**Q** 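Please find one structure pasted underneath; my questions will follow.
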Amino acid sequence: MNFADIILPLAQPCYTFAVSHIPDIKVGEAVAVQFGPRNIYTGIVLRLHNNPPKRGRVKPVLQRLYNFAVLTPKQIEFWSWMSSYYLSTLGEVMRIALPSLIKPHATSQELYIPYSLPTEKVVRLKSMPDAETLDRMSRRAPRRAALLAMLQRSGGEIARHECSADAAVITALTKAGYIETILRECEPKILPISHTTLPVLSAEQSKALERIESGLEVCNVALLHGVTSSGKTEIYTHRIAHALSREQDVLLLVPEISLTAQLVERMRQMFGDRVIAYHSKLTPLRRTQIYMDMLRTGSGRLIVGARSALFLPYKSLGLVVVDEEHDSSYKQSEPSPRYHGRDAAVMLASLHGAKAILGSATPSLESFNNAMAGKYAGVTLMSRYGGSLPPKIIISDTMRSVKRGERKSHFNKELLDRIADRLQRREQIMLFQNRRGYAPYVECPRCGWTARCPHCNVTLSRHLNTNSLRCHYCGYSIEHLQYCPECKTSQLETKGFGTEKVEEEISALFPTARILRLDSDTASSDSAYNRIISQFAAGEADILVGTQIITKGLDFKGVTLIGVLNADNLTNAPDFRAVERAWQTMLQVAGRAGRRDKAGEVVVQTSDPSHPVFAALSEQGYQHFATAQLRERQMFNYPPFSRLIRITLRHISPERLAKAASQLGVELRSKFGGRVLGPVTPLVDRIRQEYIVQIIIKIENGASFSRAKEIVAQHLTALQKSPTTKGLTTICDIDPA
Ligand code: ADP
Ligand code: ZN
Ligand code: ZN
C-alpha cells in the first residue's frame, strides 16, 4: 500500500501520508509524521490504501514507533462508532482512549518515545568451546564450564535473574566469546485461576440467574432490576466465572472510581490475579502496562473499572456488566467525545458479539423501556438477601410540621423524634442534603442585595469552614462580608441550607451526638474520603451528614435511620429527568438503611407530599411509576421516544452570542421545523465570563438520527468558519444527560 490515513491527536479529520517506504506497515501502528511547518506529531494508522489525496503534496511518514500495532481492529471499529455517533473526531477519541505513555502527541523538537516494553536480561550461548578447551575449563574453572553446560541443556538461553552464575563468570565467558547478554522484551503472563468458590445462590437469586441466562440467548442485553442488597453482584459473579472459564475477557463497569476498590477486593477473592482495576487514577505507567499486557497476550481477564476501561484492547470479550446502570456519572460531559459509558458499553459488547448485563436497584427509564419493548431481557429480583427487611419510608409533611409549630430549624418532628431515639439506642443515622456549603446564598434583609459571582450568573454560597463566599461554578471565592456592601448598615442573612448548616443545626439540637460530614469539601482527596467512611463504619460517629456522595455504594451495618432533608429541590430541578432522578436518588439513599437484621426507616421531608414520586418509593411502586413517567415522556416527545441533540454556544459578548444563536436557530428551524427548541438561556447563563445559550433538537424515533446529526454538524462547521463569530465556542452534546 502506498498511503495511510493517520489519526492525529487533533480535533480534525485524518490526514493522508505516504508509507510505501515502510515495509509491512499495518493498520493500528503508531508512527511519527511531520505536520505543519515545524511540528512532529505521532499518530496511528487508521487505513491503508492506494488513493493519492486530491489536493496538496503528500508527506512521507517519518518512522514507525514500535514493532507492533497499538490498536486492534475491534478498537478501530469502536472508535469509529464513537466518533460518528457523538460527532467527535477520531483524534478526540484517541486523546481520551489511550493511556498517556502511548498516546500520540505533538512535539516541536526531537521525537521522543515515552514508552518501551519492559525488558529483561538474557544470557545466551554463542558457541561451545571445542572438547579440549572444555575439558581444561572443567578442571581450572569449573563454574564457567557449569554455566555453559546449563545453557546447553536449556536450549541456549537463560534469563539473567534465573541464572545463578556470578558476574565474574559471565564476564569471563563473554570476553572469550562463548556467550553474550542481550535484552529481551518480557512476556506478560496470564495466571491460571486455581479454583474458584462462587457464592451459593439463594433460590430467588438462582431463578434470576436462570432468567438472565435464557434471556441472553434471545437478546444480547439483560436488565437486572434488583433492589439494594438483593445480591446483584453475586449473580454477576456466576456469569463472570462462566466467561473467564472460556478464557474470555470480562468488563465490569462502575460509574465512579471510588466504587472500584471495594468491588476489586470482592472479585479478587474469587478470581485472584485475573482481576485488574483500571481507571484514570492509576499511574500512567500502570495503565500503560495493563494496556500493553492485554495487547500482547490472550484474554481471560476481569477488568473492573470506570468508563475509560471501555477503551482497552480486548481480544475476546465475552461479557460486559454495567453496574448502577442508571447513574448519570456514566455520561462524559467534557471533553469531547461526550459519550455515555452505559450506551458505549452495550455497543462495545455488540461489536465483540459479547453479552451485556445492566444492573440497578433503580433502572433508568431508557433501559426499563427497552426491557418493556423486548429489546432487553428484563429480570427482577425484589427481595433482599438473607430476608432483611426493606426500609420503611415515611413521607413527612414540612408545611404541616411548621403549622403545628413542631419544626425545629430544618427538621420536622417525625425526623427529630427518630434521631433522638436512634441516638439513645446507639444506632447510626445518615442525613442527606444535596447541597454543600452552609447556604446557597446570602441576602441583605434591608435592601435585598445578594452576593453574586462577578464571572458567573449565580449567587455565591456561604461556607462556614473557610469563612468565605464561593462560586460553585468557577471557584471564585471572597472572604465573608460582615455588612451589606450596598446599604452598609445591616448584617447579611443566609438563605436556604447546605450540609454545613445541617451539621451545625444538628449539633445544636443534639450537643452530645458525634457528627461527620461527607461532601466534596470534606472529601477533597481520596484519603480524606476513606478516613470519613472508615470512621463512620467503625462506629466512631453517630450521624453522617452528606451530599450525593453518601448515596453511592456505601454499606454501613449500623445505620437504621436516614433523613432526606429537602426532597423538593430534587423534584423541582428544571430538567425533564428531574422526577426520575429524584426517585433514583431517594431510593439509593434509602438503600443504605437497615441492611442487616434491623429494618431501617427513611424520613423524607417535603412540602409537596402528594407528588407521585413518593408513592413510587415503595419497591412495588416502580412499575406503575415508570409506566406513568414514560407516558408523560411520550406525550412531550422526550427520550426514550426521541433523541436529543443539545447545542451549547458560548461567547464573551452577549450581543454576538445572541446574533449567532438566532442565526443558527433560524437555519436549523428551516431544516427541522418544530423539532428545534430555543435558543434558550439555561438556568445559569454566564460561567467564567462567558454567556451561554442552548438550542435543543428533538428527533423523534423513526426519523434518521444520523442524517439529523450530519445536518447539525454541517451548520456548526459553517457557523464556526464565519468571520462574524470569532471567539464563539460551540459544543454539541448527543443524548445529553
Ligand atoms: P446488591 O449489589 O444487589 O446491592 P450485594 O451483591 O452487595 O447486593 O449483596 C448484599 C449483601 O448480601 C452482601 O454483603 C453480599 O455478600 C450478601 N449476599 C448476597 N447474596 C449472597 C449469597 N448468595 N451468598 C452469600 N452472601 C450473599
Ligand atoms: Zn443592604
Ligand atoms: Zn463563578
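Quick caveat: nothing in here was measured; it's all calculated off a predicted structure. Numbering of ligands and ligand atoms starts at 1, following listing order.
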**Q** Would you mind listing which atoms of ligand 1 come within a distance below 4.0 Å of any non-hydrogen atom of Val227?
**A** 3 (O)
**Q** Partners of Arg446 by side-chain contact (heavy atoms from CB on, under 4.5 Å), sequence neighbours excluded?
**A** Cys444, Cys487, Thr489, Ser490
**Q** Taking the side chain as everything from C-beta on, heavy atoms only, tell me whether Glu366 gets closer than 4.5 Å to Arg577.
**A** yes
**Q** Taking the six-membered ring for Trp, are Trp583 and Tyr622 parallel (under 30°), tilted (30 to 60°) or perpendicular (over 60°)?
**A** parallel
**Q** Does any N/O atom on Gly231 come nearer than 3.5 Å to any N/O atom on ligand 1?
**A** yes
**Q** Side chains of Gln584 and Glu580: is there a donor and an acceptor less than 3.5 Å apart?
**A** yes
**Q** Between ligand 1 and Ser230, can you find any atom pair, the residue atom being a heavy atom, that is separated by under 4.0 Å?
**A** yes
**Q** Check whether any N, O or S atom of His455, backbone or side chain, sits closer than 2.8 Å to the Zn ion (ligand 3).
**A** no
**Q** Within a distance under 4.0 Å of any heavy atom of Thr233, pick out the atoms of ligand 1 and give their elements.
**A** 2 (O), 5 (P), 6 (O), 7 (O)
**Q** Would you say Gln428's side chain and Ala541's backbone share a donor-acceptor pair under 3.5 angstrom?
**A** yes
**Q** Please answer whether the main-chain N or O of Asn465 pairs with a side-chain N or O of Glu500 as donor and acceptor at a distance below 3.5 Å.
**A** yes
**Q** I'd like to know whether the aromatic ring centres of His225 and His326 sit less than 6.0 Å apart in this structure.
**A** no
**Q** What protein N/O/S atoms are found closer than 2.8 Å to the Zn ion (ligand 2)?
**A** Cys444 SG, Cys447 SG, Cys484 SG, Cys487 SG
**Q** Who pairs with Leu198 by side-chain contact (heavy atoms from CB on, under 4.5 Å), at least two apart in sequence or on another chain?
**A** Thr196, Thr237, His238, Ala241, Met270, Phe271
**Q** side-chain contact (heavy atoms from CB on, under 4.5 Å) with Thr494: which residues, sequence neighbours excluded?
**A** Tyr438, Ala439, Val442, Arg462, Lys501
**Q** Which atoms of ligand 1 have any heavy atom of Thr228 under 4.0 Å away?
**A** 4 (O)
**Q** Is there a side-chain contact between Asn457 and Tyr691 in this structure, where contact means two heavy atoms from C-beta onward sitting under 4.5 Å apart?
**A** no
**Q** Can you figure out which of Gln205, Glu234, His238 has its heavy atom closest to atom 6 (O) of ligand 1?
**A** Glu234
**Q** As an exercise, identify every atom of ligand 1 less than 4.0 angstrom from a heavy atom of Leu201.
**A** 23 (N)
**Q** Kindly indicate whether the side chain of Gln623, heavy atoms from C-beta on, has any atom under 4.5 Å from the side chain of Met372.
**A** yes
**Q** Measuring from non-hydrogen atoms of Asp323 to any atom of ligand 1, is the shortest distance under 4.0 Å?
**A** no
**Q** Which of these passes side chain to side chain contact (heavy atoms under 4.5 Å, CB included) with Glu325: Ile357, Leu224, Leu358?
**A** Leu358
**Q** Between Arg266 and ligand 1, which residue portion shows a heavy-atom distance shorter than 4.0 Å: side chain, backbone, both, or neither?
**A** side chain
**Q** State whether the shortest distance between N or O atoms of Val200 and N or O atoms of ligand 1 falls below 3.5 angstrom.
**A** yes
**Q** What does the angle at the Zn ion (ligand 3) come to, between atom SG of Cys474 and atom SG of Cys453, rounded to 10°?
**A** 110°
**Q** Considering only heavy atoms, does Leu381 approach ligand 1 within less than 4.0 Å through its side chain, its backbone, both, or neither?
**A** neither
